[in-house]
Every structure is written in structure tokens, then in C-alpha cells.
Amino acid sequence: MSISRFYIPTRFIIGAGSLAQLGKEVAKLGKVALLATGKGGSMRRTGVLDKVLKDLEEKGVKAITFEKVEPNPRSSTVDEGAKIARENGVQVVIGMGGGSTMDASKCIALASSSTESIWDHYVNKVTSKGRVPPIVLVPTVAASGSEANNGAVITKWETHEKVPVMKPETHPTLSIIDPALTLSLPARTTAQGGVDIFCHLVEAYITAHESTLINDSLRESCMKTVVDTLPLLLNKLDDIEYRSRMTWASTIACSQFANLGGGTGLMSMHGLEHALSGEYDIAHGDGLAALLLAWMKYTLPVREAKFKQLGEKVFGETDGIAATEKWLKKVGMLFTLKDLGIRESDFEKLAANACKTAPWVAFHPTPLDVPAIVSIYKNSC
Ligand code: NZQ
Ligand code: ZN
């Protein structure tokens, strides 16, 4: 096994009902909190937000709500949240929602430490001058795994650049992972999340330049969990056992546990997808679903044995790509870029954007440049 780095400074509280710990834990970190949620209002509708606000108040924490984070969160939204945090002396930032809210919250905390835009932290590599408040994350979607890493994907809408901000300070201090919060997710968002989890795992699994028993087995068991559980869950959206399985798979899939020894090519399909959701504002899971089979076929010539192993270990079939296609169909996620409204005339522009915003795609086992990405987009139609 070659040299890897491994660092997860986050404390986790996991399990149905664990949300009840939030107020008590936040009070240990600070007395003034900014609580970010999604602008769609799901946390208000389900009564979760009121419950959390009451809990925080009872524990002596003043909470300022910021209910404005959109899917594919914008850098301008982050800047707005950071200004509010700065002006109110916020000591802790809580992100309660899907990957978009959690990512925006990480960036709000980071940008609140100085007056620069979050974009300057990314582009100009600004280092925080002040203290970055601790970040507490509460995922409400099983998908991104943002609760277990320091990545935050934000978009500068003016230029459609969707990029990952990753700083030592954007590791969450605490993540409270309560699968009961995902019970209110509709079928489509649930399925999009399942595809995202599968892709985090399959990208690392297929492209790894070396296989170890532990890494392969961990990824296989997480993929199998998602492949087997998602169809069952879609037939019974209120099943807490299925929700718990998906939530835990999500947390592991995008953490360093699953990425340790990942090899080159990690997240290469993600790089291609971010260009799509950064331009067309589609759901991340939809974009991945449309690209998955073409990305697999592009990679097949250099990873034949691994695709066979995928088929056998995860699906109990001989052909990993055909089995993935059947699964996508079964969970209602088999569609094309055309189905998502993405125009072929934009492919060159999108591919150039992917190379710029996700330069790691060049480290795919068969390097991805503009013509190669255009060919994957074309094969996704
Ligand atoms: O606005 P709200 O009300 O929160 O509605 C959201 C949104 O419309 C809704 N939702 C969230 N929790 C809900 C709920 N609806 C009902 N009940 C609940 N419990 O779900 C919709 C989608 O939310 P979003 O946060 O956008 O979804 P997801 O969790 O899939 O996150 C996607 C974002 O994460 C980034 C993606 O690029 C994308 O921007 N990623 C972040 C990663 C990371 N930080 O490690 C890695 C991922 O690969 C990914 O790139
Ligand atoms: Zn993803």
C-alpha cells in the first residue's frame, strides 16, 4: 500500500434520535450561532427547525437563522451569510440540510473570518485572518457525505464555475447524523442521493491504481448496501432501518475511510458533472446518473478486471456495467443528458469548464481532456 494521508478531526454522533443532542453540544462551542438551512423550507415544513431553535434557546444559545441556501449553492449566498455571521459575532455555524446547505455553511464559517469574498479564498488562496468558527453539520439527505470531509462545492453563478473549496478549517467540528431527518425526503431526491453515494464509491473503486482487500471490501459493501437498499426504500420511504443504512453508507462513502489508497482518477466523473450542474442548475445526482454508464464505458479498456469484480461482488452478475444499467433503471434513474435539457451545442463549452474547474480529471487512468469529455457527454445522450 502506497503512502496516503488520513485526517478526520470531526466528532460524530450517529443514530435515530441523535438530533436531540444538538443544543447541548452547540452550547459547548459557542453562545451565538448562525443556523443555515435550505431555501426550499423543508426544515420549517417538517417542524424540525422550530424544534432545534427551541432546543438551542433552552441551552442558552442565541440562534440567527439563515434560510437561504439554494441547491448548487452560490458564492454570493455564502458571502451574504458570512456578512451576517461577522456582523453578529457568530461563534459557531450550524448547517442543517443536504450537501448544498452543509457546503455553504462550511464556506460561511470560513468567509466570516475576514472580509474577502469566499471566491477569493478559492481563487486567490486567501488565508483566514481571523478565527474560523467551529462548524456543526446535520445532514438531512443521504448523498453528499459532506458531514465527513472538509470539501465544500460552491458555484460562482456569473461564470458558472462550480468548484471545491477545501481548507483545514472547513472540517466540521461535530456532525450529528440522525437518519430520521431523511424520512421526509421524496422519492426522487432519495434516488438522486443513492446514485451520488454509489458514484463516490465506484469512482474510487474503479480508478484505484492499486487494490487492497480492505479498501475494495469497504467500497463493495457500501455499494452493495446502496444497490440493495435503495429499491426497497423507494417502496417504503418511511422505513427508518433503510434510511439508516443509506445515511451511514453516505457518511462513509465520501470520507477518507473510503478514499484511503484511492489512486488517481478519484472524482473524475464528479468533475464532469459539476460543469453540468454549475451551468444548468440540475440536481447533482441526476447529472451523475446520466453520465455514469458513458464514464464506465470510457474507463473499461483500462479496468476490465475491476468492472468484472464490481459485477460479481456488488451485483452478483458477471458484467458490472450492464448490472449498473439495470439498477439505474430499477430505481428510476436511467436517463440521458437530453432528458435533463442539456444541449449538445454546449458540450465543448462544458468540457472546457470541467477541465478548468476540475483539473484533477487529467489524472484519470485514461486522461480526460476536452475531446475525451465531449465524447463522454455525447455518449450520455
Ligand atoms: O432547500 P431545502 O428545503 O433544504 O430542500 C432541499 C433541496 O431542494 C431538499 N431537502 C433536503 N433535506 C430534505 C429535503 N426535502 C425534504 N426533506 C428533507 N429532509 O433536497 C433538495 C436537494 O438538496 P441538496 O442539498 O442540493 O442535495 P444534496 O444533498 O444531494 O447535495 C448536493 C450538493 O452537494 C454537493 C453537490 O455538488 C451539490 O452542490 N456535493 C458535495 C460534496 C461534499 N461536500 O463532499 C461531495 C458531493 O459529491 C457533491 O459534489
Ligand atoms: Zn457527489
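Residue indices begin at 1 and follow the sequence shown. Numbering of ligands and ligand atoms starts at 1, following listing order. Small disclaimer: the values here were computed from a predicted structure and weren't measured.
Here the Zn ion (ligand 2) is the vertex; the NE2 atom in H200 and the OD1 atom in D196 give an angle of 90° (to 10°). Taking the Zn ion (ligand 2) as the corner point, the angle from H270 atom NE2 to H284 atom NE2 is about 90° (rounded to 10 degrees).
In this structure, R86 contributes its side chain and S114 its backbone to a donor-acceptor pair below 3.5 Å.
Within 6.0 Å of atom OH in Y7, 12 or fewer heavy atoms from other residues, nucleotides or ligands are found, so the atom counts as exposed in its surroundings.
Checked against M43 for a side-chain contact (heavy atoms from CB on, under 4.5 Å), the options L35, V52, T140 give a single hit: T140.
At a threshold of 4.5 Å between non-hydrogen side-chain atoms, the residues F363 and T207 do not count as touching. You'll find the side chain of N149 reaches within 4.5 Å of the side chain of K106, heavy atoms only.
For K306 and Y205, the positive end sits near the middle of the six-membered ring, less than 6.0 Å away and at most 45° from its axis.
Partners of E147 according to the side-chain hydrogen bond (donor to acceptor under 3.5 Å, both in side chains) rule, which considers only residues two or more places apart in sequence or in another chain, are T251.
Sorted by chain and number, the heavy-atom contacts of ligand 1 below 4.0 Å come from G38, K39, G40, G41, S42, M43, P71, N72, P73, G98, G99, S100, D103, T140, V141, A143, S144, S146, N149, G151, V153, K162, L181, S184, L185, T189, D196, H200, C254, H270, H274, H284.
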